[in-house]
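Worth knowing before you read on, the calculation uses all heavy atoms, side chains too, and leaves out hydrogens, waters and symmetry mates. Just so we're on the same page: letters track the sequence lines, and every chain starts at 1.
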Amino acid sequence: MPVTAQQRGPLPATGAAVKRGGTAATKAVPVRAAFYFIRHAKEGATVEESKGAMIDFSSPEGLHILRHSTAHLMAQAIKRLYPDAKLGIGPAIEDGFYYDIDLPTPLTPDDLERIEAEMRAIVKENLPIVRAELPREKAVELFTSRNEPYKVELIHDLPKDAVISTYQQGEFIDLCTGPHVPSTGVLHHFKLTSLAGAYWRGDEHNRMLQRIYGTAYPAQEELDAHMARLEEARRRDHRRLGKELDLFSIQEEAGAGLIFWHPKGALVREIIENFWRAEHRRRGYDIVYSPHIARAELWQRSGHLNWYRENMYTGLDIDGVEYLIKPMNCPFHILMYRSKVRSYRDLPIRWGELGTVYRYERSGALHGLMRVRGFTQDDAHIFCRRDQLHDEIGGVLDLADYMLRSFGFDRYELYLSLRDPANPQKYAGSAEDWEWAQSTLAGVLEDKQLPYKAEEGEAAFYGPKIDIKLIDALGRGWQGPTIQLDFNLPERFDLTYAGQDGQLHRPYMIHRTVLGSMERFFGTLLEHHAGAFPVWLSPVQVMVLPITGRTVPYAREVQAYLRGKDIRAEVDDRDDKIGLKIREAQLQKIPYMLVVGDREVENRTVSVRHREHGDLGATALDTFADGVLAEIAAKR
RNA sequence: GCUGGCGUAGCUCAAUGGUAGAGCAGCUGAUUUGUAAUCAGCCGGUUGCGGGUUCGAUUCCCUCCGCCAGCUCCA
């Protein structure tokens with residue numbers, strides 16, 4: 001196990017996690033909360049100091065150790081089965097671990113079972129795991145003699161003063177800071193999950209190693225729950241749901257990464273867009289439209305041809321002039337801004353556009369609706385004075401929060417993307433501008449007391465940004481809203497406004513989306529709700545199900561009544577049994593089914609069935625409609 | 001783009017060096033049904049595109065296109 005930046009830091013010192021004490025603790029404790037001894041609970045601790053340190057596998061850091069040790073166990077098994085294997089790195093990750101290994105032949109899923117079997121054999125051997133510290137030369141010698149060139153490379157790159165340590169279990173030795181469990185015998189509940197390629201040190205110019213992913217938990221039921229979550233994620237995959245619910249498709253004949261919105265998907269999108277427009281107008285935005293292509297000259301001036309060319313579609317020749325397809329809307333909004341003289345009284349100007357852009361994405365990056373080559377951003381650009389910037393950014397954060405909550409996302413994470421100070425040539429603008437812009441964004445987040453994570457090197461070429469990652473029902477994160485500060489384009493296009501002092505001033509510019517793109521947001525929404533959209537978004541809100549042909553006319557009356565109240569209602573008038581109609585409406589995840597037979601006709605009622613709560617019994621039609629309308633209004 | 005895997009009917013999948021089969025869907029007919037699948041019949045594929053090997057390819061090989069898992073990159 002190599003040393004990575006992440007692992008080099010000390011373990012979080014939560015009081016409960018690391019305890020000192022006697023050996024009795026393992027007894028009479030349920031497996032879930034089992035305490036095990038580990039060696040070297042803290043970096044730099046002597047063997048004596050850390051003897052007796054204990055870790056709770058159900059704590060985050062304990063789980064990390066468990067998985068890290070399981071990664072070693074896997075590496076040992078692989079070395080036994082494939083003596084030629086050369087070890088890369090093998091860290092614990094968010095829900096498991098992986099190990100990158102250089103093997104002469106590709107592994108297949110069947111090999112995973114063999115490796116797992118060997119892992120279990122090593123567990124049975126209950127090999128003690130022993131730490132050793134050694135001088136750099138000795139470490140190089142050791143791993144050279146063991147034919148581990150990647151480990152040797154890692155040792156060379158360790159800082160001068162680093163303590164170099166190894167962990168040994170039986171014949172297996174790995175470079176690693178630890179800590180680890182005391183022996184292989186305590187590892188039980190693990191599973192190897194998948195195979196993939198991964199570049200050595202994440203650099204595509206390096207050799208590609210084979211990455212084996214696995215996971216481990218303190219208890220079998222937790223491992224089972226993890227596997228069930230993976231299954232659930234497959235079940236609600238937006239690509240599968242998109243097909244099953246007939247929402248969208250991607251047509252090979254048209255090209256990869258291009259989305260076809262089928263009527264039901266288009267309807268949901270329209271609802272989202274209408275809501276979006278109304279909410280923006282309410283908050284002082286104006287809605288605009290702009291073209292899809294523009295002359296190369298414009299993209300030259302905007303800087304896109306310098307900084308973004310590899311993502312742009314080129315080659316349009318119109319009357320001998322080169323045009324490019326827009327990858328962003330900003331230069332167009334800028335041109336509109338410049339179409340007349342602006343006064344300080346006009347600012348802030350907030351222009352929103354559901355603007356469709358095209359960006360080249362490498363084929364391997366494409367993924368359903370989440371990563372496409374043509375998409376519609378819910379874009380807007382705010383032009384404002386310096387004294388308005390803080391409030392404008394705050395206003396966008398409020399709007400993003402409101403929008404996300406309206407769609408059922410009540411958890412999200414904020415990231416502040418900063419430039420990479422080591423690569424200033426990657427960015428437009430001066431160092432001072434960047435410093436100022438970065439601290440402005442951070443200042444707004446801090447004033448709003450929003451917790452965020454700063455990430456260096458993640459900024460756009462024209463300015464720093466705040467990214468919002470949505471957390472869905474399965475706890476997965478998805479990139480959504482983004483707020484980017486731009487001090488580059490106003491400069492390049494010489495944007496001005498006349499100030500109170502009669503002088504010309506430079507406005508500031510904010511690029512922002514609050515959903516991200518219609519495609520990605522829709523995909524995220526689909527997965528979040530597992531296809532069962534809230535009623536206000538459901539393409540079909542009510543399906544009326546006549547039991548026999550006799551009751552079809554009444555069903556049509558019910559439908560007409562509901563449609564009169566703007567409720568999206570359909571009638572399943574097929575000559576089929578009620579069980580089938582219900583089954584299909586359920587599978588289409590339609591929120592309400594209204595069963596109408598002779599009894600309902602006679603009493604002028606409907607029998608309500610809810611997709612989740614089942615049969616709710618008969619009720620008067622207007623009572624039902626009022627309930628649905630209330631639900632729609634509340635966006636539940 | 002890279003590594004590995006994959007591409008057979010609208011969908012989910014089976015089979016084979018001797019030109020393919022099931023279920024669902026669709027169509028037709030019968031059935032008039034009370035809360036997750038009524039029955040029967042019929043239709044449906046130059047096995048992703050192109051090339052090669054072979055007496056013969058859907059099966060073996062190569063190119064390309066696309067998909068999947070990652071890596072890299074991003075709304």
Side-chain angles (χ1 to χ4, degrees), chain A residues 98 100 103 105-109 193-213 234 237 239-240 243-244 246 249-257 308 310-311 327-328 355 357 359-379 417 458 460 465 467-469 478-482 484 511-521 523-524 545-552 574-588 593-600 607-611 614-618:
Chain A
Y98 67 79
D100 285 347
L103 283 165
T105 52
L107 293 172
T108 68
T193 49
S194 65
L195 287 165
Y199 299 108
W200 168 237
R201 307 193 121 180
D203 183 335
E204 61 182 315
H205 302 294
N206 286 340
R207 185 174 166 77
M208 186 166 271
L209 311 181
Q210 297 191 61
R211 176 171 294 180
I212 303 109
Y213 283 93
R234 277 189 284 278
D237 187 313
R239 294 165 298 185
R240 168 203 275 252
K243 196 176 281 179
E244 287 173 359
D246 195 15
S249 65
I250 299 170
Q251 307 285 334
E252 187 179 339
E253 280 178 271
Y308 209 71
E310 61 192 26
N311 291 294
M328 297 185 193
V357 298
R359 298 182 186 173
Y360 172 72
E361 294 290 347
R362 305 212 275 182
S363 59
L366 300 175
H367 179 85
L369 292 175
M370 303 306 197
R371 195 69 184 281
V372 297
R373 286 179 173 161
F375 56 99
T376 300
Q377 289 184 301
D378 67 305
D379 207 0
S417 297
E458 297 295 317
K465 58 179 178 169
D467 283 325
I468 298 181
K469 194 190 271 186
W478 302 95
Q479 172 62 48
T482 173
Q484 312 185 345
H511 308 241
R512 44 107 286 179
T513 73
V514 293
L515 300 177
S517 73
M518 298 316 295
E519 286 75 10
R520 184 178 286 178
F521 186 74
T524 306
L545 306 175
I547 288 177
T548 73
R550 284 194 304 280
T551 56
V552 168
R574 292 175 304 171
D575 190 10
D576 271 302
K577 291 172 80 167
I578 193 68
L580 182 85
K581 295 180 183 181
I582 286 171
R583 178 183 156 77
E584 296 196 349
Q586 285 284 158
L587 291 175
Q588 286 298 303
M593 288 151 271
L594 296 182
V595 176
V596 294
D598 293 334
R599 287 204 296 269
E600 287 74 18
S607 281
V608 181
R609 182 188 165 93
H610 186 268
R611 67 182 166 199
D615 191 352
L616 301 178

Kindly indicate whether the side chain of [X] and the base of [N] share any N or O donor-acceptor pair separated by less than 3.5 Å?
X        : N     : value
A/Arg359 : B/C74 : no
A/Arg583 : B/U35 : no
A/Arg520 : B/C74 : yes
A/Tyr199 : B/G70 : no

Between [M] and [N] - [atom1] atom distance, rounded Å:
N     : M     : atom1 : value
B/G21 : B/A9  : C1'   : 11 Å
B/C55 : B/U12 : C1'   : 37 Å
B/C64 : B/C2  : P     : 9 Å
B/U33 : B/U47 : C1'   : 41 Å
B/U19 : B/G23 : C1'   : 24 Å
B/C62 : B/C74 : C1'   : 34 Å
B/U58 : B/C73 : C1'   : 37 Å
B/U59 : B/G50 : P     : 12 Å

Which atoms of nucleotides 3-9 of chain B (N or O only) lie under 3.5 Å from a protein N or O atom, and what are those distances?
none

Does [X] have a side-chain nitrogen or oxygen under 4.0 Å from the phosphate oxygens OP1 or OP2 of [N]?
X        : N     : answer
A/Arg239 : B/C68 : yes
A/Arg201 : B/U72 : no
A/His367 : B/C67 : no
A/Lys577 : B/C39 : no
A/Ser363 : B/G1  : yes

With pairs taken as Watson-Crick or G-U wobble and both distances under 3.5 angstrom, which stems of at least three consecutive pairs involve RNA chain B? B:1-7 with B:65-71, B:10-13 with B:21-24, B:26-30 with B:38-42, B:50-52 with B:60-62
Calculate, to the nearest 0.5 Å, the distance between atoms CE and CG belonging to A/Met208 and A/Asp203 respectively. 11.0 Å
When you get a sec, tell me which of [options] is the closest nucleotide to the side chain of [X]?
X        : options             : answer
A/Lys243 : B/U12, B/U38, B/A75 : B/U12
A/Gln586 : B/A36, B/G34, B/A75 : B/A36
A/Val595 : B/G34, B/C74, B/G1  : B/G34
A/Asp615 : B/C73, B/A36, B/U35 : B/U35
A/Ala256 : B/U33, B/G66, B/A69 : B/G66

With heavy atoms under 4.0 Å as the rule, sort [X] into base, sugar-phosphate or nothing.
X        : result
A/Gly480 : sugar-phosphate
A/Asp598 : base
A/Ile578 : sugar-phosphate

Is [Y] close to [X] at the side-chain level, that is, under 4.5 Å between some pair of heavy atoms?
X        : Y        : result
A/Arg520 : A/Leu369 : no
A/Asp598 : A/Arg550 : yes
A/Leu545 : A/Leu594 : no

Could you state the atom-to-atom distance from OH of A/Tyr98 to C1' of B/A69 in whole Å? 15 Å
Can you measure A/Arg362 atom CZ to B/G70 atom C1' for me and round it to whole angstrom units? 14 Å
Stacking here means centres under 5.5 Å and planes under 30°; does A/Tyr213 stack on B/G70? no
